[in-house]
Amino acid sequence: MAFEGLAQRLQGTLQKIRGKGKIDEADVKEMMREVRFALIEADVNLKVVKEFVKTVSERAVGHDVMKSLTPGQQVVKIVKDELTNLMGGEQNPIQFARKSPTVIMMVGLQGAGKTTTTGKLASVLRKRHNKKPLLVAADVYRPAAIQQLETLGKQLTMPVFALGTDISPVEIVRQALAEAEKEHHDVVIIDTAGRLHVDELLMQELKDIRDLSTPDEVFLVVDAMTGQDAVNVAKSFDDTVGITGVILTKLDGDTRGGAALSIRAVTDKPIKFVGMGEKMDALEPFHPERMASRILGMGDVMSLIEKAQENVDEEKSKELEQKLLTQSFTLDDFLEQLQQVKKMGPLDELLKMMPGANKIKGLENAKVDEGQMGRVEAVIQSMTTAERNTPEIINANRRKRIAKGSGTTIQDVNRLLKQFEDMKKMVKQMTGMQQKGKKKMKMPGLDSFFK
Amino acid sequence: MSFFKKLKEKITGTNEAVTEKFKDGLSKTRNQFTSKVNDLVARFRVIDEEFFEELEELLLQADVGFETVMELIDLLKVEVQRKNIKDTAGIQSVISEKLVEIYQAGEELDNELNIQEDSLTVILMVGVNGVGKTTTIGKLAARLMAEGKTVMLAAGDTFRAGAIDQLVVWGERAGVEVIRQSEGSDPAAVMYDAIRAAKNRKVDVLICDTAGRLQNKVNLMNELQKVHRVISKEVEGAPHEVLLALDATTGQNALIQAQTFKEATNVTGIVLTKLDGTAKGGIVLAIRKKLNIPVKFVGLGEGVDDLQPFDPEKYVYGLFADGLEQEDTSVDK
C-alpha cells in the first residue's frame with residue numbers, strides 16, 4: 001500500500017502528453033496537480049504545498065520545461081531542486097556559547113523522542129566536539145521519564161542531574177546550572193517533558209525555563225511521521241519558546257517525512273539532525289537532498305548503500321569474492337547470500353529504493369516472491385553437505401528425497417539446481433570480465449527472483 | 001427527524017459525563033474544525049465547485065488522505081444533487097452524515113472489547129515508538145478495574161530504557177500487579193511468565209505491553225510475531241484483542257503502520273491517542289475503510305480516566321457540536 005512517488009505519478013500524465021509533440025501551459029498545470037498530490041501524500045502541509053507548487057510552476061511555465069524533450073524529468077528535477085533549496089542552505093553546526101556552559105533545551109510533543117535524542121546528542125557532543133555534557137532530567141510528569149534518562153546516562157557513562165518528581169522543573173534547571181558550573185560541564189542538555197503546544201500552563205513553564213537558563217539552542221524534536229499538524233506544532237513552539245533548530249526523529253521508518261518541509265517553511269529554522277535508529281549513535285546530520293528524494297519517493301541510493309553496509313558482513317563478502325574468483329562457490333554460499341539479502345528487509349522495499357527500478361520492464365509491479373525465497377532456502381537446507389558442495393551428485397533419487405524433505409516438488413529442486421548452474425556460468429563470465437578490469441558485481445543470481 | 005437530533009437524543013439519553021469528556025477532549029479539534037466549516041458555510045452562500053474545493057482542503061488538513069477525501073466529495077456531490085441542496089445552510093449535517101457513513105461502510109459496528117466471560121482474556125498492545133502504548137495500558141487497566149475486572153500487566157517492553165519502570169508506575173496508579181523481568185530479557189519469555197501468573201492468580205484480563213517498533217524493521221516485527229505465537233500457544237483463542245496504538249498526530253504513514261501490524265499480529269482494534277491536541281487523526285477513516293480495523297478507544301489526555309470508547313457518531317458530534325446547537329435554536333424559532 002505504499003504511496004506512489006512523484007515520478008510514477010507523472011508518468012501517467014506524460015503518457016497523455018507524449019503524442020502531442022509539444023507541451024503547453026495546460027499540460028504543465030496537469031503535471032503540477034500530480035506534484036501537489038505527491039507532496040500531500042508525503043504529509044507536506046497543504047498550505048506549504050500550495051505555496052511551493054506556485055513557485056515551481058512559475059519556473060516550469062518558463063522555458064525550462066516546455067522546450068525540454070523530457071518534460072517529465074525536467075519537472076521532477078525542478079521540484080527536487082526547489083525542495084532541496086527550501087530545506088537546505090548551509091550546514092548548521094551547533095551554536096556553542098562563548099562562555100561555558102552551552103545550554104541546550106529539548107522541547108516537543110509527547111512521544112517525539114526527546115529523551116532518546118538527548119542521550120544521542122550528548123553522545124555526539126562528547127565524541128565529535130570533545131565536550132563534557134550534563135544531562136538534566138526536567139520531565140517530572142511522565143512516569144519513569146527520569147529513570148529513562150538515568151538509564152541512558154549509565155549506558156553512556158554520562159552524569160544525569162535529577163531531583164525526583166516533587167521539585168518544579170524550573171527549580172531543577174536552576175540547580176542543574178549551578179551544578180554544571182561547579183563540576184565544569186561545558187554543555188548542559190535539558191530534557192523537558194513532552195507537552196501539547198496548546199497547553200498554556202505547560203508552555204508557560206517552558207518559557208520560564210528558557211528565561212532562567214538563556215539557552216544557546218532550543219531544539220524542537222519532531223516525529224518524522226507527523227502529518228498536517230506539524231505546522232501548528234512547530235509554529236506554536238516557535239512563537240512561545242523560540243526554537244533555534246529542529247531534530248527529526250524516527251526517520252529510519254518508511255515515512256516520506258513531508259513534515260520536514262512543512263516545519264522548515266513555517267519556522268524557517270534549520271533541521272540540524274535526524275534520528276536514524278534506537279541505538280545511541282544513531283543521530284546524523286541532515287542532508288536536504290536525500291530528504292528531497294525521500295519526500296518525492298524517488299529512491300534513495302545512499303540509504304540503500306548504507307543499509308547494505310549495515311547488514312552485510314565485510315569478512316563474509318571478502319570470503320565470498322574469493323570463492324567466486326576460484327569457482328568454489330557452493331550451494332551453501334548461495335544460501336548465505338540469500339539470507340544476507342533477506343536481512344536487509346523486504347525485497348520490494350529494497351527495490352523501491354533503487355532509482356529507476358519502476359522503469360525496468362516487468363518490474364513496475366514487481367511483487368517479489370518472498371515465498372519463493374523461502375522454498376529455495378528449504379530445498380538447500382534439505383541437502384546433505386556433500387550435495388551442497390558438489391551438486392553434480394544429485395541424482396533422481398536424491399532429488400526425490402530433497403523434495404520430500406523440504407516439502408517442495410521435484411520441479412522446485414530442478415529449478416533451483418538449474419538456477420545455480422546458470423549463476424555459476426554467469427559468475428564465470430563476470431569474473432572473466434573483472435580480470436579485464438571491469439567493475440565487480442555483488443550478489444549474482446538475485447535477478448532470478450524478480451519475476 | 002434530522003440526523004443531528006437523533007444523534008443528540010441518543011447521546012444525551014445515554015451518558016452525559018462521557019459525552020462531556022469527549023466534547024472537552026475534542027474541543028480544540030472541534031473548535032478548529034467547526035469554525036472552519038462555519039467559515040466555509042458563511043463565505044459560500046451557494047454550493048459550487050469552489051465550495052467543494054475548499055471543503056476538500058479542509059479535510060486534507062485533517063490528515064484524512066486523498067482517496068477518502070475524493071470519495072467523500074463525490075458522495076456529497078451526488079447527495080447535493082439528489083436532495084437538490086442549493087445553499088450551504090443545510091450542508092453541514094450532510095457532511096457529517098456522510099463521514100459516519102464512510103466510516104461504518106454499512107456495517108453495524110461493535111467496539112466492545114472481546115472479553116471472555118469465565119476465562120482469562122489476553123490483550124496485546126502494539127505500535128510504533130512513542131505513540132502512547134504504555135500510557136494507554138495504564139488507562140485501560142484502570143478502566144477495566146472500574147468495571148469490576150481483575151487485571152494484570154505484563155512488562156513486555158524490555159528494550160527501551162525506563163519502559164518497565166513506566167509500566168510499574170501505571171500499575172501502582174491503577175492498583176494492579178505488573179509481571180516483569182529485567183531490561184533486555186526476551187519479551188516472549190515475559191509473556192510466558194505473565195500468562196502463568198495470570199492463570200495461577202485467576203485474573204480476568206492480562207494486558208501485555210510491547211516495545212515500540214517501526215513497522216519496516218523486519219527483525220522486530222518477527223519478534224512481535226513470536227510474542228503473539230507464545231501467547232496463542234498458552235491460552236486458547238488468545239490474544240483476544242490486539243490493539244494498535246496510533247498517534248493522532250501521525251500522517252499518511254499510519255495507514256502503512258496499520259497494514260503491517262495487521263499482517264504481523266492480526267490487529268483487532270485501534271486506540272487513537274493524543275486526540276486532545278490540534279491533530280485530528282483523520283487517517284482512521286481510511287484505515288477503517290481499507291483494512292477494516294475499527295477504532296475502539298481514543299486517548300484524550302494524560303489522566304488515568306482519559307481513555308474513552310470511540311463512537312463514530314459521538315466523534316462526528318464532537319466535531320460538529322457547535323453547528324448543531326445553532327441549527328437547533330433556529331429550528332425552535
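Each chain gets a letter, A, B and so on, in the order its sequence line appears, and its residues count up from 1.
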Just wondering, are more than 12 heavy atoms of other shown residues or ligands nearer than 6.0 Å to NZ in Lys289(B)? yes
Exceeds 12 heavy-atom contacts within 6.0 angstrom, atom CZ of Arg33(A): no
In terms of heavy-atom proximity below 4.5 Å to chain A, should Val168(B) be classed as side chain, backbone, both, or neither? neither
Carboxylate-amine/guanidinium proximity below 4.0 Å for Lys50(A) and Glu57(B): yes
Donor-acceptor side-chain pairing of Gln147(A) and Gln166(B) below 3.5 angstrom: no
Of Leu109(A), Thr151(A), Asp43(A), the largest count of non-hydrogen pairs under 4.5 angstrom with chain B goes to Asp43(A)
Shortest non-hydrogen contact between Gly162(B) and Ala144(A), atoms and distance: O-CB, 3.6 Å
So, Asn129(B) and Glu278(A): side-chain donor and acceptor under 3.5 Å apart, yes or no? yes
Run Glu302(B) and Arg142(A) through side chain to side chain contact (heavy atoms under 4.5 Å, CB included) and show every step you take. CA-CA 9 Å; Glu302(B) 288 187 314; Arg142(A) 196 192 57 172; 5.7 Å; no
Carboxylate-amine/guanidinium proximity below 4.0 Å for Asp229(A) and Lys280(B): no
Quick check for you: among Asp63(B), Leu60(B), Thr135(B), which has the greatest number of heavy-atom pairs under 4.5 Å with chain A? Asp63(B)
Looking only at non-hydrogen atoms, find the nearest pair between Gly277(B) and Leu196(A) and report the distance. CA-CD2, 3.7 Å
I want to check something: taking the side chain as every heavy atom from C-beta on, are Thr249(B) and Met225(A) in contact at a cut-off of under 4.5 Å? no
Looking only at heavy atoms, what is the nearest atom pair of Asn216(B) and Gly253(A), with distance? ND2-C, 3.2 Å
If you count heavy-atom pairs under 4.5 Å between each of Gly194(A), Ala259(A), Pro143(A) and chain B, which one has the most? Pro143(A)
Side chains of Gln252(B) and Arg256(A) in contact at under 4.5 Å (non-hydrogen atoms): no
Do Asp254(A) and Asn253(B) have side-chain atoms, one donor and one acceptor, less than 3.5 Å apart? yes
Rounded to the nearest 0.5 Å, the OG1 atom of Thr278(B) sits from the CD atom of Gln228(A) at a distance of 11.5 Å
Phe37(A), part contacting chain B, at a heavy-atom distance under 4.5 Å: both
Is the count of non-hydrogen atoms from other residues, nucleotides or ligands lying under 6.0 Å from Glu67(B) atom CD greater than 12? no
Is chain B contacted by the side chain of Glu150(A), its backbone, both, or neither, given a heavy-atom distance below 4.5 Å? neither
Does this structure show an ion pair linking Glu56(B) with Arg36(A), if we count only N-O contacts that are shorter than 4.0 Å? yes
Between atom CZ of Arg160(B) and atom OG1 of Thr115(A), what is the distance when rounded to the nearest 0.5 Å? 7.5 Å
Indicate the atoms forming the closest heavy-atom contact of Glu183(B) with Gln155(A), along with that distance. OE2-NE2, 4.4 Å
Measuring from atom NZ of Lys250(A) to atom OG1 of Thr250(B), what distance do you get when rounded to the nearest 0.5 angstrom? 7.5 Å
